[in-house]
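What follows is a set of notes on a single structure, which appears directly below.
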Number of protein chains: 2
Amino acid sequence: MKTKPLLKYIDNYVSLTKKEEDFLVSKVIYRKYLKGQYLVQQGDICKYTCFVISGCTKTFYMDDLGQEHIMMFSIEDWWTSDMGSFINQTPADFNIQFLENTELIMFSYEAMEDLYRNIPKLERFFRQIIEKAFIASQKRIVRNLSMTAKDKYLYFKNQYPQIEQRIPQYMVASYLGITKEFLSKIKSQLLSEE
Amino acid sequence: MKTKPLLKYIDNYVSLTKKEEDFLVSKVIYRKYLKGQYLVQQGDICKYTCFVISGCTKTFYMDDLGQEHIMMFSIEDWWTSDMGSFINQTPADFNIQFLENTELIMFSYEAMEDLYRNIPKLERFFRQIIEKAFIASQKRIVRNLSMTAKDKYLYFKNQYPQIEQRIPQYMVASYLGITKEFLSKIKSQLLSEE
DNA sequence: TGAAAATGTTAAACTAAGTTAACAAAATTT
DNA sequence: AAATTTTGTTAACTTAGTTTAACATTTTCA
């Protein structure tokens with residue numbers, strides 16, 4: 001089981017003893033998924049919070065008209081879950097689908113409770129992770145409110161160059177909240193500007 | 001010092017002993033602000049995370065063109081802070097301004113550290129609070145991506161009727177990411193639909 | 001109470017972004 | 001390698017939302 005990347009990641013926030021690390025490792029699940037598979041589908045209960053070891057996922061909402069609205073992508077060293085569904089064990093709002101063959105470390109709800117009970121440091125760790133996620137989420141809201149489509153695209157391109165390389169352009173458009181045609185127009189505009 | 005609403009609020013998540021409650025109370029600041037004053041201005045370091053006892057605040061970003069983009073309102077029993085600034089002690093992205101005379105309970109960065117150190121249960125409490133805030137933030141992103149202006153307004157009206165009553169309409173428009181004129185148009189459309 | 005300031009409405013002209021559809025290029029499958 | 005599917009581009013047309021500006025209403029405060 002490849003747990004090194006996770007333990008290394010955690011070590012940036014709190015330091016666990018060997019014993020604690022072993023306990024943690026005993027509680028998590030390591031699993032590979034294939035491109036196209038789903039971790040959660042909207043309406044299901046999200047059973048796991050996951051740390052991505054390798055690969056890529058998209059988290060999206062599908063509206064009544066069948067349109068996909070992409071919330072986020074996750075790659076190596078990122079977390080993914082439908083937090084609302086996982087925490088409250090209620091039906092998920094979002095789908096999480098693998099865009100590449102992906103290796104994950106998965107925390108079930110029970111494992112999470114067990115870990116909090118036995119390793120209080122992890123309470124601190126996850127608080128800090130979620131604080132960061134919340135801050136990023138708030139900043140995204142403000143970007144969506146205050147930036148033009150072009151500026152949002154430039155921000156995305158600049159902030160996540162690794163991601164832009166790996167996913168089709170229509171998914172970037174969906175993430176930015178614009179149509180694929182309009183993104184295509186923006187990109188050709190940007191090219192002709194130079 | 002009016003700390004009852006806070007203690008009652010916390011009690012929904014974790015139960016503190018009398019001693020712990022007293023310690024908590026000894027670490028926080030109770031303060032009143034007047035309508036129009038600021039808790040933080042963008043560019044400053046956000047010194048406090050606050051629990052609103054009474055009153056109302058708006059959190060907004062002001063862009064280079066001088067336009068306000070409202071992120072959130074807070075009323076009784078809500079939390080307010082520029083989380084990014086508070087956690088990292090870096091310049092704030094947002095302004096927090098009082099829309100009414102407001103009573104707050106304020107947690108400084110040092111108080112927060114002290115509280116986490118002495119009352120580990122609070123680590124759990126704040127993790128849970130932030131999880132909720134994060135979930136709400138994600139849902140807001142998806143609404144902004146997938147709903148029309150009209151539907152966003154109806155959702156807001158329905159979800160926060162207490163808030164809509166208390167604030168001017170142009171602030172609702174800013175929160176929804178549309179112009180005040182367009183909101184006015186939407187409202188008159190809705191009236192004529194019945 | 002009356003004047004000033006703040007907030008809300010309406011409408012015309014405008015612009016950013018969406019829709020549709022036809023074609024082009026790239027990636028996958030057979 | 002050909003065929004099919006997936007992804008990307010371009011362009012004409014439409015629509016949602018903005019801008020500006022003039023006027024109406026409400027609130028604040030001297």
Side-chain angles (χ1 to χ4, degrees), chain A residues 34-37 56 58 60-70 73 97-101 141 143-157 163-194, chain B residues 34-37 56 58 60 62-70 73 97-101 141 143-157 163-193:
Chain A
L34 297 174
K35 178 174 176 170
Q37 290 187 295
C56 182
K58 70 172 172 187
F60 65 100
Y61 166 70
M62 178 144 316
D63 69 22
D64 300 339
L65 303 167
Q67 268 213 278
E68 256 186 46
H69 302 275
I70 297 183
F73 302 102
Q97 189 180 20
F98 299 99
L99 300 178
E100 301 173 1
N101 295 346
I141 289 175
R143 285 197 305 276
N144 286 348
L145 289 176
S146 65
M147 287 184 171
T148 62
K150 185 172 162 186
D151 288 342
K152 280 188 279 183
Y153 168 64
L154 287 172
Y155 181 90
F156 175 80
K157 188 185 163 73
I163 295 181
E164 206 201 353
Q165 304 317 315
R166 284 161 80 164
I167 60 173
Q169 186 169 312
Y170 72 87
M171 290 190 192
V172 177
S174 169
Y175 176 87
L176 297 176
I178 60 178
T179 59
K180 55 195 187 343
E181 292 87 351
F182 192 46
L183 178 55
S184 180
K185 202 182 284 182
I186 287 169
K187 288 182 80 169
S188 67
Q189 260 177 41
L190 285 169
L191 283 173
S192 69
E193 269 174 25
E194 275 137 46
Chain B
L34 297 175
K35 178 175 175 170
Q37 291 188 293
C56 183
K58 70 171 173 187
F60 64 99
M62 178 145 313
D63 69 23
D64 299 340
L65 303 167
Q67 269 212 277
E68 257 185 47
H69 302 276
I70 298 183
F73 302 102
Q97 189 180 20
F98 300 98
L99 300 179
E100 302 173 0
N101 295 345
I141 290 175
R143 285 197 304 277
N144 286 348
L145 290 176
S146 65
M147 286 185 174
T148 62
K150 185 172 160 186
D151 288 342
K152 280 189 277 183
Y153 168 65
L154 288 172
Y155 181 89
F156 175 79
K157 188 185 163 72
I163 294 182
E164 206 202 353
Q165 304 316 315
R166 286 161 78 165
I167 60 172
Q169 187 169 309
Y170 72 86
M171 290 190 192
V172 177
S174 169
Y175 176 87
L176 297 176
I178 59 177
T179 59
K180 56 192 186 344
E181 291 86 352
F182 192 48
L183 178 55
S184 182
K185 202 182 287 182
I186 287 169
K187 289 182 79 169
S188 67
Q189 262 176 39
L190 285 169
L191 283 174
S192 69
E193 269 175 23

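The closest side-chain heavy-atom distance from B/Phe60 to B/Met171 is not below 4.5 Å. With contacts defined as side-chain heavy-atom distances shorter than 4.5 Å, the pair B/Arg143/A/Tyr61 does not qualify.
One atom, CD of B/Gln189, and another, C1' of D/dG17, lie 11 Å apart when rounded to the nearest Å. Atom-to-atom, NE2 of B/His69 to C1' of D/dG17 comes out at 15 Å; the value is rounded to the nearest Å. What separates OH of B/Tyr153 from C1' of C/dG8 is a distance of 13 Å, to the nearest Å. One can place CG of B/Leu65 at 13 Å from C1' of D/dT19, the figure rounded to the nearest angstrom. When rounded to the nearest whole Å, the span between CD1 of B/Ile186 and P of C/dG8 equals 15 Å. Nucleotide C/dA17 holds its C1' atom 10 Å from the NZ atom of A/Lys152, rounded to whole Å. Separating the NZ atom of A/Lys150 from the C1' atom of C/dG18 is a distance of 19 Å, rounded to the nearest angstrom. One interatomic measurement links the two molecules: CG of A/Leu145 to C1' of D/dT18, which rounds to 15 Å at whole-angstrom precision.
In this structure a side-chain-to-backbone donor-acceptor pair under 3.5 Å is missing from A/Glu100 to A/Lys35.
Expressed to the nearest 0.5 Å, how far CD1 of B/Ile167 lies from NZ of B/Lys58 amounts to 9.5 Å. Rounding to the nearest 0.5 Å places OH of A/Tyr175 at 10.5 Å from NZ of A/Lys152.
Both B/Lys35 and B/Ile178 lie close to DNA chain D; mapped to their nearest nucleotides by heavy-atom distance, the more 5′-ward contact belongs to B/Ile178.
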Show the distances under 3.5 angstrom between N or O atoms of the protein and N or O atoms of nucleotides 8-13 of chain D.
unit_1 : atom_1 : unit_2   : atom_2 : d
D/dG8  : OP1    : A/Gln169 : N      : 2.8
D/dG8  : OP2    : A/Gln169 : N      : 3.0
D/dG8  : OP2    : A/Tyr170 : N      : 3.1
D/dT9  : OP2    : A/Gln169 : OE1    : 3.4
D/dT9  : OP2    : A/Gln169 : NE2    : 2.7
D/dT9  : OP2    : A/Ser184 : OG     : 3.3

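Only one option out of B/His69, B/Gln67, B/Glu68 pairs with A/Leu145 in a side chain to side chain contact (heavy atoms under 4.5 Å, CB included); it is B/His69.
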